[in-house]
Undergrad: 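To start, I am sharing the structure in question, which I have written as structure tokens.
For this chain, numbers begin at 1 and follow the sequence in order.
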Amino acid sequence: MTQKEWFIFFLVKLVSFFFGTYLCFSLHHHFDVPVVLAAAFTGLVGSFWHWPKKYGNHPQAAIYAGAFAGMCSSAIITGWEALVFISVVGAGVYTLTRNIFEGFGGRLGAIAFTAVSSLILLRALF
């Protein structure tokens, strides 16, 4: 892949991850939907969002990984900055590990965990 293709792939992941995080977090914290149902609904909605075939299932997977990240507490996601930070880290980790852990379970949860943990670590350091 060229550098431009990697950047576009990252942007697609970023939009998808942010959508998943925002929708799941909003459903749970603003509309009192149970967190597991909010994540499941987000994954369902994401499965119907179609992207060009060259991206495969990656946007839908990024939405679901974002839903995992969106399941965290409102004590962690305190505003737009936190949502954007988690989305950028999550999309970056997803893009960098795209060809790693292929076929292994738990990859999306691990990406979400890494994104949320990096926000917690950043806040603890500063």
Undergrad: Please report whether the ring centroid of Trp80 lies less than 6.0 Å from that of Tyr22.
TA: yes
Undergrad: How close do Met71 and Cys24 get, heavy atom to heavy atom, and via which atoms?
TA: CG-SG, 3.8 Å
Undergrad: Between Trp51 and Ser16, is there a side-chain heavy-atom distance shorter than 4.5 Å?
TA: yes
Undergrad: Verify the neighbour count for atom CD of Gln3: are there more than 12 heavy atoms of other residues, nucleotides or ligands below 6.0 Å?
TA: no
Undergrad: Quick one: are Leu108 and Tyr94 in side-chain contact, heavy atoms under 4.5 Å?
TA: yes
Undergrad: For a 4.5 angstrom cut-off between non-hydrogen side-chain atoms, does Val88 reach Phe17?
TA: no
Undergrad: Tell me whether the count of non-hydrogen atoms from other residues, nucleotides or ligands lying under 6.0 Å of OH in Tyr55 goes above 12.
TA: yes
Undergrad: Kindly indicate whether the side chain of His28, heavy atoms from C-beta on, has any atom under 4.5 Å from the side chain of Val33.
TA: no
Undergrad: For side-chain contact (heavy atoms from CB on, under 4.5 Å), just list the numbers for Ser74 and Phe25, CA-CA rounded to whole Å, side-chain angles, deciding distance to a tenth of an Å, and then say yes or no.
TA: CA-CA 8 Å; Ser74 59; Phe25 183 78; 4.0 Å; yes
Undergrad: Using a cut-off of 6.0 Å, state whether more than 12 heavy atoms not belonging to Phe10 lie near its atom CZ.
TA: yes
Undergrad: Please assess Leu119 against Val89 for the test side-chain contact (heavy atoms from CB on, under 4.5 Å), listing each intermediate value before the final yes or no.
TA: CA-CA 9 Å; Leu119 176 66; Val89 172; over 6 Å; no
Undergrad: Under 6.0 Å from the CZ atom of Phe18, do we count more than 12 heavy atoms belonging to anything else shown?
TA: yes
Undergrad: Give a yes or no answer on whether the side chain of Ser26 reaches the backbone of Leu23 with a donor-acceptor pair at less than 3.5 Å.
TA: no
Undergrad: Any side-chain heavy atom of Thr42 sitting closer than 4.5 Å to one from Tyr64?
TA: no
Undergrad: Against the six-membered ring of Phe9, is Lys13 placed for a cation-pi contact (under 6.0 Å from the centre, within 45° of the normal)?
TA: yes
Undergrad: If only atom types and distance count, is the side chain of Thr2 paired as donor or acceptor with the main-chain N or O of Glu5 below 3.5 Å?
TA: yes
Undergrad: Considering all heavy atoms of both residues, which atom of Ala112 and which atom of Phe68 are nearest to each other, and what is their separation?
TA: CB-CB, 3.6 Å
Undergrad: Hydrogens and angles aside, do Ser118 and Arg123 bring a side-chain donor and acceptor to less than 3.5 Å of each other?
TA: no
Undergrad: Can you see which heavy atom on His58 is nearest to which on Arg98, and at what distance?
TA: CE1-CG, 3.8 Å
Undergrad: Does any non-hydrogen side-chain atom of Phe41 lie less than 4.5 Å from one of Leu37?
TA: no
Undergrad: Can you name the nearest heavy-atom pair linking Ala82 to Ile76, along with the distance?
TA: CB-O, 4.0 Å
